[in-house]
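The model shown is predicted, which means the values in this text are computed figures rather than measured ones.
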Amino acid sequence: MKKLMYNKMMERKKIKILDCTIRDGGYYTNWDFDKELIKDYCESMEELPIDYVEIGYRSIPLEGYLGEYFYCPEYLIKELKERLPSKKLCIILDEKNIRKNHIKKLLTPCVPYINMVRMAIDPKNIERALLLAKEVKKMGFKVAFNVMYMSKWKEDNTFLDKLKGADSVMDYFYMVDSFGGMLPEDIKETIKLVKSKINVPLGFHGHNNLEAAFINTLTAMEEGCDIVDATITGMGRGAGNLRTELLLTYLESQNLLKIKFSKLSNVVGSFETLKSIYRWGTNLPYMFSGAFSLPQKQVMEWVGMNRYPIGNIINALNNQKDSCEDNMKLPVFENESKFKTAIMLGGGKSAKNHSKAIMKLAESEENICLIHAGARNIHTYLGLKKVDQYCALAGFETEKLLKSIDDPSLLDHTYVYPPFPREMGTLIPEEIKKGAKELKAIEFTTKSKDSPMALGFQIALNLGAKKVLLAGFDGYDITIDQTQFALAQENQNIINDAVKCLEVMSITPTKYKKLNTISIYSLV
């Protein structure tokens with residue numbers, strides 16, 4: 001019976017589909033896309049029953065690099081319209097960055113090509129958005145409000161009262177499940193609430209943290225939404241969105257649309273290749289953040305940097321849920337002038353390959369200590385008993401440590417963690433808890449609070465060292481991916497600050513700059 005009612009509803013009212021792959025997927029690629037991929041995408045969109053294609057943002061200049069599809073210059077909009085002649089094109093404005101005086105310059109180049117302008121809106125800024133919408137509407141565009149944080153509206157929906165009478169400037173009111181934590185009953189309740197307040201065609205944009213974007217979208221359609229969003233392979237910020245191919249395949253199975261599956265499979269295949277690199281989609285941290293309506297941007301950064309294990313991310317999210325800045329306070333690692341020189345070991349292969357010489361140097365020198373900037377090579381130096389060893393642990397490092405040691409009873413080091421409170425909270429295994437301490441502060445740099453390298457230099461300073469000999473800081477292969485590049489940049493910035501207050505040199509080969517290098521073998 002329900003299926004019959006749904007089919008009749010679909011027949012009575014043509015629900016529009018908006019594909020926003022390029023705009024939402026840009027959160028993974030920094031809004032740069034391969035030209036052949038865009039060609040495949042456009043060819044497929046042109047042949048599929050998609051009503052609107054959202055091609056990206058239009059924006060005033062912002063700090064940092066943001067790619068072509070974040071700014072959508074006029075030549076690009078024109079080119080995409082030529083590739084998508086039968087489609088209605090959209091761009092989106094991020095309301096928090098755009099003001100009334102920006103509109104004419106931003107949108108005049110769009111007039112020949114763009115049908116609809118959507119605006120991403122925080123509910124608390126709804127009155128400001130209305131002023132913006134009036135200017136957009138004057139230029140002849142359809143206007144859609146993409147109002148975020150749908151799962152929070154139960155707590156405060158007073159912003160809806162400010163939309164009464166806004167029919168003249170708003171063509172669609174989109175409900176955005178920003179945290180991806182809503183379920184069908186929540187969708188029904190919210191749509192009922194919105195309909196009681198405003199009389200504007202409704203849209204729905206679902207995120208997939210709880211893998212409910214599909215059923216939530218169908219529910220929104222059943223409850224009267226006029227337009228819904230989807231993206232190819234679900235590509236989108238954080239856990240991503242409803243997959244366009246899933247929605248189209250389902251509607252085909254219900255005899256509601258006709259799909260050219262050859263075109264659909266072509267574009268899906270192209271984006272699956274991209275997905276193998278960027279790995280969008282839900283996982284346990286996204287599920288947790290969705291279930292408790294926690295910010296997605298933070299989770300995306302943590303997951304993307306590949307610095308933190310899932311356990312640390314869940315710990316951090318749980319602290320956020322409980323409004324707790326950190327779940328553990330440790331004894332402070334006090335300043336004490338004990339050593340003149342510190343050998344600091346990174347995770348590179350050279351720390352292991354040259355370990356015999358490095359240990360020889362450590363044992364032959366007075367007033368010298370060993371600092372592990374991370375856990376990768378700790379097991380290699382367990383036999384070094386006469387030299388004090390300190391371990392800078394952050395992110396994955398504690399987990400790596402226990403995995404690399406067969407017998408934890410051999411661990412008798414001092415384990416130093418970032419200053420309290422730690423962004424990720426604190427997870428310390430019982431095997432090393434007795435030797436765990438925290439830095440009071442990282443004083444020599446502001447570049448990172450949880451980089452093992454930054455912790456290592458601060459440990460050396462706290463111990464009174466004047467000279468730091470680096471081994472195992474080989475340098476990342478920055479051609480691998482963006483994460484490697486970002487970590488290499490972070491390390492270089494930390495080195496740049498460290499050399500201002502310490503004598504720093506590398507005793508193994510390194511790609512890092514501003515470092516004098518001397519061979520370990522010349523010292524032994």
Side-chain angles (χ1 to χ4, degrees), residues 1-22 24 40-54 83-90 115-116 142 144 171-177 180 182-188 190-192 194-195 201-208 210-236 240-272 275 281:
M1 178 62 71
K2 186 173 182 180
K3 179 178 175 181
L4 181 62
M5 290 173 62
Y6 176 63
N7 287 357
K8 285 183 177 179
M9 180 273 294
M10 288 291 291
E11 290 168 5
R12 184 174 71 250
K13 175 180 173 183
K14 172 68 167 68
I15 293 176
K16 295 178 174 61
I17 300 172
L18 183 149
D19 187 278
C20 52
T21 306
I22 302 304
D24 219 337
D40 290 346
Y41 173 76
C42 290
E43 287 178 356
S44 298
M45 286 295 112
E46 186 64 16
E47 297 294 329
L48 292 169
I50 301 295
D51 301 279
Y52 287 92
V53 176
E54 188 169 72
R83 291 182 180 276
L84 296 161
S86 71
K87 302 300 171 183
K88 296 174 181 177
L89 300 191
C90 303
N115 178 272
M116 182 162 67
K142 284 188 175 181
D171 294 282
Y172 290 109
F173 178 87
Y174 258 94
M175 300 165 290
V176 181
D177 182 15
M182 300 196 79
L183 296 174
E185 285 304 313
D186 303 315
I187 302 295
K188 291 178 183 179
T190 304
I191 290 175
K192 184 178 179 181
V194 172
K195 284 183 174 181
L202 301 182
F204 178 71
H205 178 98
H207 286 191
N208 209 30
L210 298 183
E211 297 192 334
F214 177 53
I215 189 60
N216 284 346
T217 299
L218 294 186
T219 302
M221 294 163 71
E222 290 178 6
E223 295 299 310
C225 277
D226 300 80
I227 186 168
V228 295
D229 288 6
T231 62
I232 297 297
T233 66
M235 187 182 190
N241 313 99
L242 166 63
R243 287 175 286 167
T244 300
E245 62 271 24
L246 175 59
L247 179 62
L248 293 181
T249 300
Y250 175 78
L251 295 177
E252 162 89 352
S253 75
Q254 302 302 302
N255 298 314
L256 299 170
L257 289 176
K258 282 294 182 185
I259 311 299
K260 292 184 178 179
F261 278 97
S262 60
K263 294 296 182 182
L264 184 58
S265 61
N266 284 346
V267 70
V268 168
S270 297
F271 277 86
E272 286 290 354
K275 186 176 182 180

Kindly determine whether Met116 and Asp171 satisfy side-chain contact (heavy atoms from CB on, under 4.5 Å), including the steps that lead there. CA-CA 9 Å; Met116 182 162 67; Asp171 294 282; 5.5 Å; no
Is there a side-chain contact (heavy atoms from CB on, under 4.5 Å) between Asn208 and Leu242? Walk through the geometry before answering. CA-CA 7 Å; Asn208 209 30; Leu242 166 63; over 6 Å; no
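Under the side-chain contact (heavy atoms from CB on, under 4.5 Å) rule, Thr219 has a single partner from Ile187, Leu183, Ile191, which is Ile187. Partner of Ile17 under the side-chain contact (heavy atoms from CB on, under 4.5 Å) criterion, chosen from Leu257, Asp229, Val53: Leu257. With respect to Phe214, the side-chain contact (heavy atoms from CB on, under 4.5 Å) criterion is satisfied by exactly one of Thr217, Leu218, Asn216: Leu218.
Closest of all the heavy-atom pairs between Ser86 and Glu46 is OG-OE2, 2.6 Å. Among all heavy-atom pairs drawn from Gly206 and Asp177, the shortest one is CA-CB, 4.3 Å. Closest heavy-atom contact between Arg243 and Ala230: C-CB, 4.2 Å. Scanning all heavy atoms of the two residues, the minimum distance from Ser44 to Lys263 falls at OG-O, 3.0 Å.
Here the side chains of Asp51 and Leu18 are not in contact, with every heavy-atom distance at 4.5 Å or above. The side-chain heavy atoms of Leu202 and Lys195, taken from C-beta on, include a pair separated by under 4.5 Å. Side chains of Glu252 and Leu264 form no contact here, defined as non-hydrogen atoms less than 4.5 Å apart. Ile15 has its side chain out of reach of Cys225: every pair of non-hydrogen atoms, C-beta onward, lies at least 4.5 Å apart. The side-chain heavy atoms of Glu43 and Asn266, taken from C-beta on, include no pair separated by under 4.5 Å. With a 4.5 Å cut-off on side-chain heavy atoms, Phe204 and Met182 do not count as touching. In this structure, the side chains of Tyr174 and Ile227 come closer than 4.5 Å at one or more pairs of heavy atoms. Phe261 places none of its side-chain heavy atoms less than 4.5 Å from the side chain of Leu248.
Once rounded to the nearest 0.5 Å, the distance linking CG of Leu84 with OH of Tyr41 reads 7.5 Å. Residue Asp226 holds its CG atom at 6.0 Å from OH of Tyr172, rounded to the nearest 0.5 Å. The NZ atom of Lys88 sits 6.0 Å away from atom NZ of Lys16, with the distance rounded to the nearest 0.5 Å. Interatomic distance, Met235 CE to Thr21 OG1, rounded to the nearest 0.5 Å: 8.5 Å. Atom-to-atom distance recorded for Lys188:NZ and Glu222:CD is 7.0 Å, nearest 0.5 angstrom.
Glu245 contributes a side-chain N or O that, together with a main-chain N or O of Thr233, makes up a donor-acceptor pair within less than 3.5 Å.
When the side-chain contact (heavy atoms from CB on, under 4.5 Å) test is applied to Ser265, no partner is found at least two apart in sequence or on another chain. Asp24 pairs by the side chain to side chain donor-acceptor pair (under 3.5 Å) definition with His205, Asn241, not counting sequence neighbours.
Between Asp19 and Lys87, no side-chain nitrogen of the basic residue sits less than 4.0 Å from a carboxylate oxygen of the acidic one, so the salt-bridge criterion is not met.
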